[in-house]
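By convention here, the first residue in the shown sequence is residue 1. As the structure lists them, so they are numbered: ligands from 1, and atoms in each ligand from 1.
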Amino acid sequence: MSIYDLVVIGGGPAGCAAAYMAGKLGFKTLLVEKSAHLGGAMTSGLVVPAMKSSDRKLNVRFYEDLISEMKSLGGQVTYQNNPGWFNPELLKIALDNMMAKTNVDVILNAYVAVINASDRTIKSIVIKSSVLLSSNYSIDGDKIDKDKDKLSVSIGTRYVVDATGNSEIFKKLGCKFLDTEEETQPFSLRFIMSGIDLKRFSEWLLEIDKNKEVTTVEEIDGVLHLSTACTWDKSRKWALYPIFRAGVANGLLKTADTNYFQVFTIPGMPSSLAFNCPRLVECNSTLTLDNITNALQEGRSTILRLSKFFKLYFPGFKNAFISNIADELGVRSSHRISGKYIYTMDDIISGKKFDRPVAASDYPIDVHSSDKDGSVLKKVKEYEIPIESLMSNEYDNLFAAGRNISADFMAQGAIRIQPTCFSMGEGIARYLASVIRVD
Ligand SMILES: Cc1cc2nc3c(=O)[nH]c(=O)nc-3n(C[C@H](O)[C@H](O)[C@H](O)COP(=O)(O)OP(=O)(O)OC[C@H]3O[C@@H](n4cnc5c(N)ncnc54)[C@H](O)[C@@H]3O)c2cc1C
């Protein structure tokens, strides 16, 4: 049986950063991911760009190296002072490259089937392929025939990071959680359209949003970049709102389709736009099998409706087509662990300082609601997240990293953005380097 210093489960922003930095620091590291590629919501969910965070350089080495790797692939741009504008397809390759450079072992299309733990310690895990399950292989992993089963492997480990976004490992171990069924944010299903005349679209945007209230346009190295947004909330003067209302009046859109719309250009995809919508306010956002399936199907039919509307109402969209629909539903909230410290909204607002911070950010408390005018976007000053909010109460060698840490609902609305998740993952690797010896 191979023995690892660190096994990271889940290869999203937090898991990739944890594994990369652990490998860089000399730990024997394994990263296990259930999808066919790394990146989590950044790739499977088409969630780009990474949001702008504070300039404080606390555990930002992974992010800096990712920016360099993506730049070398032609998939990154710094736009409006934010270096996190990435191409989601090239991200998959960049993350493969980065794990190879730091000697991280990666297993894709796999999940943890069995966890062996005693005396508050995880001793070993069994990893199974999620691709070729046959009747010989039970999903619960309790019927593994060691001679025949080449689709599973037993791994010993000193430490485990649960970076699954939804605390799958903590759940398997029966740990305590903070979240309730009422504390959810609406799902979104993101998509990309290509074949767009961006010059024409941007000129039109600047005509209707003369004061650039919600639109940015900038040319970088001869390539046009832009962003704009529109919601049904009264918080801003949304230049596009009358256009969306016309779509409803003409029967092309449902009123709910006007609830949220945001677009960004994508480095390396010069005629494409990434859409941060539809936000599925009419779907039940409690995580159940039925709700997820329903939201995926609703999401795709809404994308079709929106794309027809854009082609008719947005100049530059005449030849546009849907080129990508996210593989995974965008899930903002999470199963939040009950860790050694429960990080709160008050900690964020007061900018509380901690002895061992793993991440620093000034990203607002950003909680989406299904109700009109119900969303919260509260600006805050810089705040720190302590390592104790990433530590399990029940197991001494288990950590959470990413959107599932021990935080209250409102605080989670701030700490879930990608740069903060990067820092949390990296922070765990650096913390371990300070407390354990690498043989
Ligand atoms: C609609 C939407 C829009 C957003 N917009 C932005 C934005 O513009 N900018 C920004 O910075 N952030 C944004 N976010 C937030 C951000 O993308 C996520 O909060 C962030 O990706 C969370 O990172 P994570 O590593 O905790 O989890 P995830 O990104 O969810 O990654 C978890 C990974 O674990 C894997 N996994 C799950 N279960 C298992 C298992 N059992 N075994 C193995 N692997 C497993 C998953 O496949 C996935 O790869 C948005 C989120 C959503 C949903």
Quiz item: cation-pi between K34 and Y111, 6.0 Å / 45°: no
Out of Q418, R416, M424, who is nearest to atom 19 (O) of ligand 1 when you count heavy atoms only? R416
Taking only non-hydrogen atoms of V32 and a 4.0 Å limit, the atoms of ligand 1 in range are 43 (C), 44 (N)
Side chains of N166 and L287, heavy atoms from C-beta outward: is any pair under 4.5 Å? yes
I need the nearest protein heavy-atom contact for atom 28 (P) of ligand 1: residue, atom name and distance, please. A41 N, 4.0 Å
Would you tell me which option among G40, G165, S35, A400 has the nearest heavy-atom contact to atom 27 (O) of ligand 1? G165
One finds that the ligand 1 atoms under 4.0 Å from a non-hydrogen atom of E168 are 38 (N), 41 (N)
State, yes or no, whether a side-chain contact exists between F191 and N324 at a heavy-atom distance under 4.5 Å. no
Look at the aromatic rings of H335 and F177 and report parallel, tilted or perpendicular, splitting at 30° and 60°. parallel
Among all protein heavy atoms, pick the one closest to atom 24 (P) of ligand 1 and tell me residue, atom and distance. P13 CD, 3.9 Å
Please list, in number order, the atoms of ligand 1 under 4.0 Å from a heavy atom of Y111. 42 (N)
Between R158 and N397, is any side-chain donor less than 3.5 angstrom from a side-chain acceptor? no
Could you tell me, atom by atom, which parts of ligand 1 come under 4.0 Å of a heavy atom of I9? 42 (N), 43 (C)
Does H368 have its ring centroid less than 6.0 Å away from the ring centroid of Y260? yes
Suppose we measure from atom 40 (C) of ligand 1 to each protein heavy atom; which comes out shortest, and what is that distance? T164 CG2, 3.9 Å
Ring centre gap for F264 and Y79 strictly below 6.0 Å: no
With the side chain counted from C-beta on, respond yes when K237 and V214 share a heavy-atom pair under 4.5 Å apart, and no when they do not. no
Backbone N or O of E328 within a donor-acceptor pair of the S44 side chain at under 3.5 Å? no
With atoms numbered from 1 as shown, which atoms in ligand 1 lie under 4.0 angstrom from a non-hydrogen atom of P419? 11 (O)
Quick note on ligand 1: atoms under 4.0 Å from a heavy atom of G330 include exactly 53 (C)
Atom 11 (O) of ligand 1: of K171, R403, K34, M51, the nearest heavy atom sits on M51
Return the orientation label for the F310 and F275 ring planes: parallel under 30°, perpendicular over 60°, tilted otherwise. parallel
Does P49 have a non-hydrogen atom less than 4.0 Å from ligand 1? yes
Does the side chain of L306 come within less than 4.5 Å of D257's, by heavy atoms? yes
Is a donor from one side chain sitting under 3.5 angstrom from an acceptor on the other, for T164 and D162? yes
Looking at T420, is its backbone amide N or carbonyl O close enough to the side chain of S361 to form a donor-acceptor pair, meaning the two atoms are under 3.5 Å apart? no
When you measure from the heavy atoms of S44 to every atom of ligand 1, does any distance fall below 4.0 Å? no
From atom 52 (C) of ligand 1, work out which of E328, R332, Q412, K128 has a heavy atom at the shortest distance. R332
Find all atoms of ligand 1 within a distance of less than 4.0 Å from any non-hydrogen atom belonging to G402, and give their numbers and elements. 26 (O)
Closest to atom 14 (N) of ligand 1 (heavy atoms only, candidates I417, V47, V8, T43) is V47
Give a yes or no answer on whether the side chain of Q412 reaches the backbone of R332 with a donor-acceptor pair at less than 3.5 Å. yes
Tell me which part of N166 gets within contact of ligand 1: side chain, backbone, both or neither, using heavy atoms under 4.0 Å. neither
F354 and Y341: aromatic ring centres closer than 6.0 Å? yes
Heavy atom of C16, distance to ligand 1 below 4.0 Å: no
Which heavy atom of the protein is the closest neighbour of atom 32 (C) of ligand 1, given with residue, atom name and distance? A163 O, 3.4 Å
Of all the non-hydrogen atoms in the protein, which one sits nearest to atom 49 (O) of ligand 1, and at what distance? E33 OE1, 2.7 Å
Heavy-atom contact check, 4.0 Å cutoff: does G45 meet ligand 1? no
Near G12 (heavy-atom distance under 4.0 Å), the atoms of ligand 1 are 25 (O), 31 (O), 33 (C), 49 (O)
With respect to atom 25 (O) of ligand 1, which of A50, G10, A14 exhibits the smallest heavy-atom separation? A14
Mode of V331 contact toward ligand 1 - side chain, backbone, both, neither (heavy atoms, under 4.0 Å): backbone
Considering non-hydrogen atoms of the protein only, which is the closest contact for atom 3 (C) of ligand 1, and what is the distance? R190 NH1, 3.4 Å
